[in-house]
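So the structure is just underneath, and the comments pick up after that.
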There are 2 protein chains.
Amino acid sequence: MSPRPSAYVLLERVSNLLRAELRSAGAADELEPVHLQALDYLDRANAYSNTPLAVAEYLGLTKGNVSQRLIALERAGYLKRTADARDRRVSHLALTAKGRSLLRAAVPPPHWREALAALPAESVDRLERGLLDLLRALQLAQGGRSFGECRTCRHFVVDGGRYACGLTREPLAAEQTTKICREHAAPELPKTA
Amino acid sequence: MSPRPSAYVLLERVSNLLRAELRSAGAADELEPVHLQALDYLDRANAYSNTPLAVAEYLGLTKGNVSQRLIALERAGYLKRTADARDRRVSHLALTAKGRSLLRAAVPPPHWREALAALPAESVDRLERGLLDLLRALQLAQGGRSFGECRTCRHFVVDGGRYACGLTREPLAAEQTTKICREHAAPELPKTA
DNA sequence: CCAAGTGGTATCGTCGCGATACTATTTTAT
DNA sequence: ATAAAATAGTATCGCGACGATACCACTTGG
């Protein structure tokens with residue numbers, strides 16, 4: 001049959017389509033893709049990871065640039081900022097109600113929601129497994145942070161029904177454990193054939 | 001076991017990583033992601049599809065903007081332009097030797113090449129199949145152009161060992177048939193469960 | 001306690017981007 | 001045949017995303 005385009009080509013295409021959709025999804029509120037992505041990240045980040053620097057690392061942009069984007073988002077009422085209790089240099093960002101409602105409407109972009117909903121379960125499954133493997137391989141190749149969910153981390157500890165982070169030795173609230181942690185480390189390598 | 005992040009979240013993450021890698025891959029030559037993507041597209045586009053407008057549609061950007069990017073790329077010696085023989089409004093873009101050598105070095109970005117090479121065949125297979133299904137679903141949901149390979153198109157005709165496009169009724173050189181066509185239409189819907 | 005390191009902001013210049021307006025050419029109607 | 005509509009592309013403007021650099025406040029570690 002017709003040979004398949006390579007994975008890279010497909011990913012590039014998907015990436016362009018996503019960016020285009022995000023652009024049009026944010027256009028109504030005069031927001032660029034980067035804004036929606038920052039908001040989406042912050043909505044999914046745990047308490048260690050909802051800082052300007054973490055957003056910059058997640059998006060692969062400079063901290064100076066991201067700082068300005070976040071200030072703009074805060075000024076427009078999508079974010080609110082709280083100071084860190086222990087380290088007075090760091091600030092934590094949380095979505096306001098306005099931010100959350102924007103996010104609910106705009107991301108995933110409408111057509112993507114449709115498309116993913118229409119996709120048969122086995123396709124979604126293939127996609128997720130393939131992407132997870134790719135992300136692990138990329139992580140290995142470039143050695144950045146993995147930004148995985150807290151509870152999938154090597155340092156995640158369950159002790160007598162209570163959760164904790166083995167790295168910072170701090171206890172974790174239940175809702176923190178399903179969020180993105182910038183200190184995330186994958187438990188082990190996938191066994192390759 | 002640990003529940004998997006949703007496909008959308010994974011795609012968003014992959015998309016960010018790709019953009020970051022492209023940014024750094026192009027930085028040495030003072031090129032932005034958009035330039036590398038335009039060059040990459042043009043390198044894979046067939047004779048119907050190597051025009052400024054097609055690039056704009058592929059990238060989801062306005063033709064005015066893309067026109068300026070392409071002028072910059074041409075001025076920097078990565079592209080050369082030829083006028084269309086029949087329609088004097090359209091111009092065709094081809095990579096120069098300089099353009100091709102840049103592309104070979106920068107895309108896919110080094111770490112992605114490594115990662116994809118390191119990925120077991122079954123993961124790549126899952127990824128490609130999952131992404132293809134997603135692209136078809138997106139195509140259906142948003143109704144844009146599919147930008148598939150010429151020979152996978154509904155209008156592709158093989159007649160006595162010769163290739164032709166059933167839409168324009170023109171004969172196709174063999175090397176055209178493996179390239180991207182902006183008029184591409186998928187042959188049929190995937191049979192969903 | 002001082003030096004080095006770190007999270008964050010301010011500011012500057014470049015240029016990607018959409019919007020708009022325009023030209024030149026082709027296609028379609030009448 | 002010719003006017004009107006559509007199409008490919010460019011020019012230009014304003015905005016603001018982005019990296020680079022410099023800087024400040026705070027923390028950490030000798």
Side-chain angles (χ1 to χ4, degrees), chain A residues 16 19-20 22-39 42 45 47-76 79 81-93 145 182-183, chain B residues 16 19-20 22-39 42 45 47-76 79 81-93 168 182-183:
Chain A
N16 283 330
R19 192 168 173 81
L22 284 176
R23 188 177 297 284
S24 77
D29 302 271
E30 304 198 323
L31 294 176
E32 304 278 327
V34 64
H35 297 125
L36 293 178
Q37 293 188 308
L39 289 174
L42 287 171
Y48 297 145
S49 312
N50 55 6
T51 70
L53 196 52
V55 176
E57 285 170 359
Y58 182 80
L59 296 179
L61 301 172
T62 60
K63 64 175 182 172
N65 174 26
V66 170
S67 173
Q68 300 307 310
R69 300 311 126 233
L70 294 173
I71 289 172
L73 283 170
E74 190 184 9
R75 197 142 42 202
L79 287 180
R81 187 182 298 253
T82 63
D84 187 278
R86 306 193 187 165
D87 189 335
R88 296 172 58 196
R89 292 171 303 180
V90 347
S91 49
H92 297 271
L93 303 156
R145 299 184 193 270
R182 59 188 293 215
E183 304 295 350
Chain B
N16 284 330
R19 194 168 171 81
L22 284 176
R23 187 176 297 284
S24 77
D29 302 272
E30 303 197 325
L31 295 175
E32 304 279 325
V34 63
H35 298 124
L36 293 178
Q37 294 189 307
L39 289 175
L42 286 171
Y48 298 145
S49 312
N50 55 6
T51 71
L53 194 53
V55 176
E57 285 170 358
Y58 182 80
L59 296 179
L61 301 172
T62 60
K63 63 176 183 170
N65 173 25
V66 169
S67 173
Q68 301 307 311
R69 301 309 128 236
L70 294 173
I71 289 172
L73 284 170
E74 189 184 9
R75 197 143 40 203
L79 287 179
R81 186 182 298 252
T82 62
D84 187 278
R86 306 192 187 167
D87 189 334
R88 297 173 57 195
R89 292 171 302 182
V90 345
S91 49
H92 297 273
L93 302 156
T168 65
R182 60 187 292 213
E183 304 295 350

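Below, chains carry the letters A, B, ... as their sequence lines are ordered, and counting in each starts from 1. Every heavy atom of this structure was used, including side-chain atoms; hydrogens, water molecules and symmetry mates were not.
When each of A:Arg88 and A:Asn65 is assigned the nucleotide of DNA chain D bearing its nearest heavy atom, the one mapping closer to the 5' terminus is A:Asn65. Of the two residues near DNA chain D, A:Leu61 and B:Ala54, the one whose nearest nucleotide lies more 5' is B:Ala54.
Annotation: the span from A:Ser91 atom OG to A:Leu53 atom CG amounts to 10.5 Å, rounded to 0.5 Å.
For A:Ser91 and C:dG7, the shortest distance from a side-chain N or O to OP1 or OP2 is not below 4.0 Å. In terms of phosphate contacts, B:His35 brings a side-chain nitrogen or oxygen within less than 4.0 Å of OP1 or OP2 of C:dG16. For B:Arg19, no side-chain nitrogen or oxygen approaches OP1 or OP2 of D:dA17 to under 4.0 Å. B:Arg86 has no side-chain polar atom (N or O) that falls below the 4.0 Å cut-off from OP1 or OP2 of C:dT26. For A:Arg69 and D:dA17, the shortest distance from a side-chain N or O to OP1 or OP2 is below 4.0 Å. For B:Arg89, no side-chain nitrogen or oxygen approaches OP1 or OP2 of C:dA24 to under 4.0 Å.
Each of C:dG8, D:dG19, D:dT12 was ranked by its minimum atom distance to the side chain of B:Gln68; first place goes to D:dT12. Relative to the side chain of A:Lys63, the nucleotides D:dC26, C:dT9, D:dA8 differ in distance, and C:dT9 lies closest. For B:Thr62, the side-chain atoms get nearest to C:dG18 when compared with the rest of C:dG18, D:dG19, D:dA17. Across C:dC17, D:dG9, D:dT10, the shortest atom-to-atom separation from the side chain of B:Ser67 is found for D:dT10. Checking D:dA17, C:dG18, C:dG8 against the side-chain heavy atoms of A:Leu53 singles out C:dG8 as nearest.
A side chain to side chain donor-acceptor pair (under 3.5 Å) with A:Glu32 is found for exactly one of A:Gln37, A:Arg69, A:Arg23, namely A:Arg23.
For the pair B:Leu70 CG and C:dG16 C1', the computed distance is 13 Å after rounding to whole Å.
In plain terms, the two heavy atoms of B:Leu59 and A:Asn16 that are nearest each other are CD2-ND2, 3.6 Å.
For the salt bridge (Lys or Arg N to Asp or Glu O under 4.0 Å) condition, the pairs that include at least one residue of residues 51-60 of chain A, sequence neighbours left out, are A:Glu57-A:Arg145, A:Glu57-A:Arg182.
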